[in-house]
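So you know, we letter chains A, B, ... as the sequences are listed, proteins then strands, and number each from 1.
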There are 2 protein chains.
Amino acid sequence: MATRLSDVAAQAGVSVKTVSNVINDYPHITARTRAKVEAAIAALGYRPNVSARSLRKGRSDFIALAIPEMASPYFAELGAEISRAAKRRGITVLIDQTEGESAAEKLVLDGMRGQLIDGIIFSPITTVPAKLTVADIGKPLVLLGERPAGGQFDRVAVNSVQASCDATTHLISIGRRRIAAIGVGGTSTGVVRRKGYRKALKAAGLPHDPALELAGTGYHREDGAASMRELLALPEPPDAVFCFNDLLALGALRTLADAGLRAPHDIAVVGFDDIEDGRYHSPTLSTISPDKEWLADNAVALLLDRIAGNGEAAHRDLTVPYTLQIRESTAG
Amino acid sequence: MATRLSDVAAQAGVSVKTVSNVINDYPHITARTRAKVEAAIAALGYRPNVSARSLRKGRSDFIALAIPEMASPYFAELGAEISRAAKRRGITVLIDQTEGESAAEKLVLDGMRGQLIDGIIFSPITTVPAKLTVADIGKPLVLLGERPAGGQFDRVAVNSVQASCDATTHLISIGRRRIAAIGVGGTSTGVVRRKGYRKALKAAGLPHDPALELAGTGYHREDGAASMRELLALPEPPDAVFCFNDLLALGALRTLADAGLRAPHDIAVVGFDDIEDGRYHSPTLSTISPDKEWLADNAVALLLDRIAGNGEAAHRDLTVPYTLQIRESTAG
DNA sequence: CTGAAAGCGCTTACAG
DNA sequence: CTGAAAGCGCTTACAG
C-alpha cells in the first residue's frame, strides 16, 4: 500500500542506502544520482515514515511546547513564534496544554509522549522546577518564565523585576502616587513582579499600602475585572494600577468603563506582555513589551543545541529584551 | 538505557504479550496479573515507545489540526477546545499553522507528516477542497468552515448565511438603514457571509449599495481598522457595520474611537465568532456566537469514527448551533 | 558509491 | 493465559 524506501530504490535503480543518503542530505552523492532518486520519489509520491525513522534514529525532530493554555493570547502569540522558529530549523512543535494541572506531574505521567519528542520547551505554572530533576525528564528541557531554573535547566526569561520596576516607575513619572498592583498571587510571576513594583515605590519614597496589592485567583480578564472592583470599593481608591499581565489590565479597564471612569484620567493602567488586543483596546494599553520573536528563537536554539548533544555544557540563563510601550491608558 | 516492554515482562515474570495486553487494556487478564504488571511498570518507570507502536500498528493516536494561525483568538480558542475534546478520547492533537500558504499544497507536501498522524481536522483558507481528492490526502479529513466539502469530506460548520442574515437583521431591527459589510473578500467566508448580509437587506426592502461592501486584505484587526477608515471617508458613511469576524469588528471600533465616534450611537457594530476579547472591549461587542465546544467535540468524533474504519459511510455535514449575543456595540 | 543484513521497540498471529 | 518469532519501515555499520 504505502510506498517504502525500497520501492523508491527499485524505481531509481539504486540501493536503499543511496535513497536514504539523498533524503537525509548526506554528502558524496553525484548530481546525477540525486536527480534520479528525486525523480523516483516524485513519481511514487514517497514520504518517509517518521515513526520508523524516529524508532531507528532515536530522534524525531519533534519538540513539545508545554503552555498553561493556548487560548491565552500571550501563549498563543508565543506559540505561533516558537512554531515558526522551529519550522525554520526543520523541526515540528507539538503544543501541549497543561491547563493548570500540576505540570511536573503531567510531564512525568505523560512520559514525554513516549519518547516521541526530542525535547521540551516548558512554561510552568504550578510546578516548582527546583523539584524537577533532569533524571525525571530524561530529555533536554528549556524553561520559560520567571521561575528560577535552579541551575538545572536552560532558561529564557524577561528580567521581570526590572521590567515591573520600569512599569511602576512610569506610573510615578506621570504623577501618580497611590499605585495598586493586580496579580500578586502565589505564582512566581506574582512574586517577582511584585518585587519590582515595591522596588519602584521604595525608590520614589512612596509608602507601600498592602490594601493596594490584589492577588485575585488567576491571570485572566475576569480576574482583573474583579480585582479592579475591589480597588474601586476601597475608601481611598488608587490613582494608578500596574497589572501583572495584559489580560488582567484589559479586565480592569472593563470595570473602569462599567463604573463610568476613564483611564488614564481617573486611574492610569499599565500591563505586561503586549498582546495585540491591548493595541486596539479603548483606551490602548500601555505595557511592557518583551521581544517574543527573540524569546522564541533563542528558546528553540537552546533546546536544539542540547538535543544535538551539548548535554554537559553549563546551564544558560537568557534575558529577553523588552521595551515599555506608552499608550493611551497612561498618556494624556 | 530506556526501559522496554521485555524488561517489564522480565521484572513481572510474565510474557511480553501479557504486558502488551495490560497496556492496551485487552480482556482476559486476571486482576492479579494486572497488578503484577502494573507494579513492574511503576517500578521501572516504563513508558511505551510511541514510534514503535505506531510503526507496528499503523496508528499513532495523533491527529493534526491545521489552522491558518494560532495567534488568531478564534483559532486559539478553537484549538484549545479541540485539544481538550481529543484528550478526553485519549488522543493527542498536533497544531499546524498553515500561515496562509496554499494549504492544500502544504498538506500534500508535508505528506501528512510522514504518516505519523491518523487524520486531520482542516480549517482551509486558500485551498479549494473541491480540488482536493481523498486520494491526495490518504487519511481521514474533517473540514471546518464554510467551504463546500464537495461531498468528499465530512464537514462541521456554522450556517454562515443564516447567521449573517441574523446579524444584519439585528442591525435593521434597531433602526439602522445604511448598513455596511466588512470582510467581503474572495474567501469562502467572505462570499457566504455577504450572501446572508444581502439576503437580510433584501428581506427588509433596503437598497444594496456596493460602496458599503469592503473587502480589505484579511481578517485581522488592522484590516477592520482600515476598512472603517474608508467607510468614514465616504460622502455618506453608514450607520451600522456588520464585520465578518470579531477581529475586524475590534479594529473597526478602534477607528471609531480614534475618530471620536461612538458605537452604537454613531455607528453600530456587530461581529462574528464571539472571541473573549469582544466581551471585554469598550464597548462590548455584539456578535454571532458559535458553540465552539460543540464544534470541537463533533469534529473530533467525526474524525475518530472515520479513523476507526467507517471509511465508506456517506459524508456528513454537521451544522454548529449558534446564538446572537447582543452587547453594547448595538444596544443602547 | 552498492548490497545484504541487523536492529530500533513494539504488536500480533501462531502453536501450545 | 505463555513463549518464540515475524515484521512494521527506516538507518547504519559492514564488507566490498
Participant: For B/Leu5 and D/dG7, what is the distance between atoms CG and P respectively, to the nearest whole Å?
Facilitator: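 Result: 19 Å.
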Participant: How long is the line joining CD1 of A/Ile23 and P of D/dT11, in whole Å?
Facilitator: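 A/Ile23 atom CD1 is separated from D/dT11 atom P by 6 Å.
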Participant: Given that both distances must come in under 3.5 Å, which nucleotide forms a Watson-Crick or G-U wobble pair with C/dA4?
Facilitator: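 The answer is none; no pair meets the criterion.
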Participant: Can you find a heavy atom in the side chain of A/Asp154 that is under 4.5 Å from one in the side chain of A/Leu303?
Facilitator: no
Participant: If you pin A/Arg53 and B/Lys36 to their nearest nucleotides in DNA chain D, which one's is more 5'?
Facilitator: B/Lys36
Participant: For B/Lys17 and C/dC10, what is the distance between atoms NZ and C1' respectively, to the nearest whole Å?
Facilitator: 12 Å
Participant: Contact class for A/Thr33 (heavy atom, under 4.0 Å): base, sugar-phosphate, or nothing?
Facilitator: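 If one applies the 4.0 Å heavy-atom cut-off, A/Thr33 turns out to touch the sugar-phosphate alone, with no base involved.
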Participant: Tell me: CG of B/Asn49 to P of C/dG7, nearest whole Å?
Facilitator: 18 Å
Participant: Please classify the nucleic acid contact of A/Lys57 as base, sugar-phosphate, or nothing, using heavy-atom distances under 4.0 Å.
Facilitator: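 Answer is sugar-phosphate: A/Lys57 comes under 4.0 Å of backbone atoms only.
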Participant: Please state how far atom CG in A/Leu55 lies from atom P in D/dC10, giving the value in whole angstrom units.
Facilitator: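 My rounded result for the distance is 12 Å.
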Participant: Tell me: CG of A/Asn21 to P of D/dC14, nearest whole Å?
Facilitator: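 For the pair A/Asn21 CG and D/dC14 P, the rounded distance is 16 Å.
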Participant: Would you say a side-chain N or O of A/Ser20 is under 4.0 Å from OP1 or OP2 of D/dT11?
Facilitator: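 For D/dT11, OP1/OP2 do have a side-chain N/O of A/Ser20 under 4.0 Å.
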Participant: Identify, between B/Val16 and B/Ala52, the residue whose nearest nucleotide on DNA chain C lies closer to the 5' end.
Facilitator: B/Ala52
